[in-house]
Every structure is written in C-alpha cells, then in structure tokens.
Amino acid sequence: QGPPGTGKTSTAAELISAWLRLHDNYREDIPGSPRRVLAVAQSNIAVDQMLEALLKRGIKAIRLGHRSKIRPDLFNSSLEYLHENHPLTKGLKRDRSAVDDYAKE
C-alpha cells in the first residue's frame with residue numbers, strides 16, 4: 001500500500017521472479033513442483049498491472065476474474081480465454097453437443 005509510482009508492482013514482480021529463480025528445479029511433468037505462486041491485489045487494476053509486470057519478465061501467468069474486469073489487452077492471459085482456446089475444449093463442446101442431441105431423442 002502506498003502512493004502511485006513508488007515501485008510496489010515492480011517490487012512484487014521482482015520478488016516473484018527471484019523466488020522462481022531460486023526454485024529452478026521446477027518440472028512440469030512432476031505434479032506439485034514448487035514453482036507456482038498466487039499473486040493477489042486489492043483491485044482489478046492492480047491485478048492487471050501485476051500480470052503485465054510478470055509477463056514482461058517472461059513469467060507465465062494466468063489472470064482470474066470476470067471478463068469485464070480484465071484489461072482487454074491482457075484478456076489472452078485469462079483463464080476464460082485459455083479455456084475457450086484450448087485444443088481439447090472444441091472436442092469437449094462437440095462431445096457435449098452429441099450427448100445433448102442423443103438425450104433429446
């Protein structure tokens with residue numbers, strides 16, 4: 001908490017970046033690998049600023065929140081976007097549609 005422009009977001013993003021570097025033994029193929037961080041903020045604007053700072057540092061980040069609260073240029077990092085555009089989602093939608101059609105018969 002503090003006035004704008006005092007480096008709150010930069011400090012938080014750099015701390016996260018440093019923590020991830022310290023835990024560089026992360027492997028995606030090992031469940032529970034220690035390289036996940038939950039970053040939260042008091043406002044949607046602050047969350048978007050944090051997301052932007054993490055992305056600029058090359059840190060993969062996913063934004064949670066309602067579509068209307070996410071800055072449009074960051075929407076492609078939202079869970080909703082990633083879900084809608086995941087290769088398996090189309091197959092699931094197709095399968096769900098087939099089940100719904102079958103149930104109507």
Residues that [X] engages under side chain to side chain contact (heavy atoms under 4.5 Å, CB included), provided they are two or more places apart:
| X | result |
| --- | --- |
| His86 | Leu88, Thr89 |
| Ser17 | Glu14, Arg21, Arg57, Ile59 |
| Asn76 | Tyr81 |
| Leu82 | Ile62 |

Minimum-distance pair of heavy atoms, taken over all atoms of [X] and [Y]:
| X | Y | answer |
| --- | --- | --- |
| Ile16 | Met50 | CD1-SD, 4.3 Å |
| Asp48 | Lys69 | OD2-O, 3.7 Å |
| Ser77 | Leu51 | CB-CD2, 3.9 Å |

Exercise. Please write out which residues are connected to Val40 in a hydrophobic cluster, directly or through intermediates, given that two of Ile, Leu, Val, Met, Phe, Trp, Tyr count as joined at side-chain heavy-atom separations below 4.5 angstrom.
Key: Leu38

Quiz prompt | side chain to side chain donor-acceptor pair (under 3.5 Å) partners for Asn85, two or more places apart | solution = none

Self-check item: Full working for side chain to side chain contact (heavy atoms under 4.5 Å, CB included) between Leu55 and Leu74
Solution: CA-CA 10 Å; Leu55 294 174; Leu74 296 173; 4.2 Å; yes

Exercise. Quick one: pull up CG in Asn44 and CZ in Arg71 and give me the separation to the nearest 0.5 Å.
Key: 12.0 Å

Quiz item: Are the side chain of Thr6 and the backbone N or O of Pro3 linked by a donor-acceptor pair below 3.5 Å?
Solution: yes

Quiz item: Between Arg63 and Glu52, is the closest basic N to carboxylate O distance under 4.0 Å?
Solution: no

Quiz item: With the 4.5 Å side-chain cut-off for hydrophobic clustering, are Leu20 and Leu54 part of the same group?
Solution: yes

Quiz item: Can Phe75 be reached from Leu64 by stepping across I, L, V, M, F, W or Y side chains whose heavy atoms are under 4.5 Å apart?
Solution: yes

